[in-house]
Amino acid sequence: RIEYTGIRPGERLDERLWAEDEEPLPTESNRILKVRSRESPKQTKLDVESLIEKLNPIIRFDPSQAEKYRDTAFLQRLLQEAIPSLSL
């Protein structure tokens with residue numbers, strides 16, 4: 001049996017399905033949208049290999065960089081530098 005309980009405290013009534021730098025576009029179905037990334041001139045491509053290299057001392061213990069291991073503040077700084085639109 002299904003029982004309607006109503007909206008719970010804090011429950012979202014709507015949710016954005018695309019980011020600020022994305023644009024929703026129509027499809028053949030009027031109820032389905034596709035999303036295209038809007039690239040601005042100031043937008044740069046993320047160098048994933050370089051980011052992973054910078055993240056290594058945070059996620060794997062390296063005695064020569066022990067102070068970075070599991071350093072949350074350092075992790076947040078790295079991610080915000082790599083992904084400026086990221087809000088932590």
Side-chain angles (χ1 to χ4, degrees):
R1 181 177 146 194
I2 298 175
E3 182 178 332
Y4 179 74
T5 59
I7 298 174
R8 296 180 182 182
E11 189 171 347
R12 296 179 90 166
L13 300 179
D14 62 346
E15 184 175 356
R16 282 192 65 139
L17 301 177
W18 49 86
E20 295 291 328
D21 62 341
E22 295 176 323
E23 174 182 17
L25 300 169
T27 63
E28 292 176 10
S29 173
N30 64 348
R31 297 181 66 188
I32 298 174
L33 297 174
K34 63 182 176 179
V35 177
R36 179 178 64 193
S37 179
R38 292 185 224 171
E39 291 197 34
S40 63
K42 64 180 180 179
Q43 190 175 25
T44 58
K45 296 289 182 191
L46 178 61
D47 182 358
V48 177
E49 289 180 19
S50 173
L51 180 59
I52 290 172
E53 189 67 33
K54 291 176 185 175
L55 293 173
N56 270 330
I58 299 169
I59 58 177
R60 293 188 178 159
F61 184 73
D62 178 356
S64 67
Q65 300 180 61
E67 73 283 353
K68 293 179 182 176
Y69 183 62
R70 294 188 176 183
D71 183 339
T72 306
F74 183 62
L75 171 63
Q76 289 177 343
R77 259 192 327 275
L78 278 178
L79 292 176
Q80 286 179 328
E81 286 172 12
I83 310 165
S85 63
L86 182 66
S87 60
L88 299 171

Quick one: side chain to side chain contact (heavy atoms under 4.5 Å, CB included) partners of [X], sequence neighbours excluded?
X   : value
L17 : none
L55 : L51, I58, L75, L78
P84 : none
T27 : S29, I32, K34

request  = Please examine the side chains of D47 and E49, heavy atoms only from C-beta on, and report whether any two atoms are closer than 4.5 Å.
outcome  = yes
Residues two or more places apart in sequence or in another chain: which of them pass side-chain hydrogen bond (donor to acceptor under 3.5 Å, both in side chains) with [X]?
X   : result
R31 : none
S64 : D62
E23 : R36

task = Could you list all the salt bridge (Lys or Arg N to Asp or Glu O under 4.0 Å) pairs where at least one residue sits in residues 1-18, not counting sequence neighbours?
result = R16-E20
task = Could you note down all residue pairs passing salt bridge (Lys or Arg N to Asp or Glu O under 4.0 Å) where residues 63-82 supplies at least one of them, sequence neighbours left out?
result = none
ask   = Closest heavy-atom contact between L33 and P24?
value = CD1-CB, 3.9 Å
request  = List for me each residue that meets ring-ring contact (aromatic ring centres under 6.0 Å, His included) alongside Y69, sequence neighbours excluded, and say none if there are none.
outcome  = F61
request  = Assess whether atom CG of L86 is packed by more than 12 heavy atoms of other residues, nucleotides or ligands within 6.0 Å.
outcome  = yes
key: Spacing of CD belonging to Q65 relative to CZ belonging to F74, to within rounding of 0.5 Å   = 7.5 Å
ask   = When clusters are formed from ILVMFWY side-chain contacts under 4.5 Å, directly or step by step, what else is grouped with I2?
value = none
inquiry  = Quick test of your reading: applying ring-ring contact (aromatic ring centres under 6.0 Å, His included), list the pairs with at least one residue in residues 8-29, sequence neighbours left out, ordered by first then second residue.
reply    = none
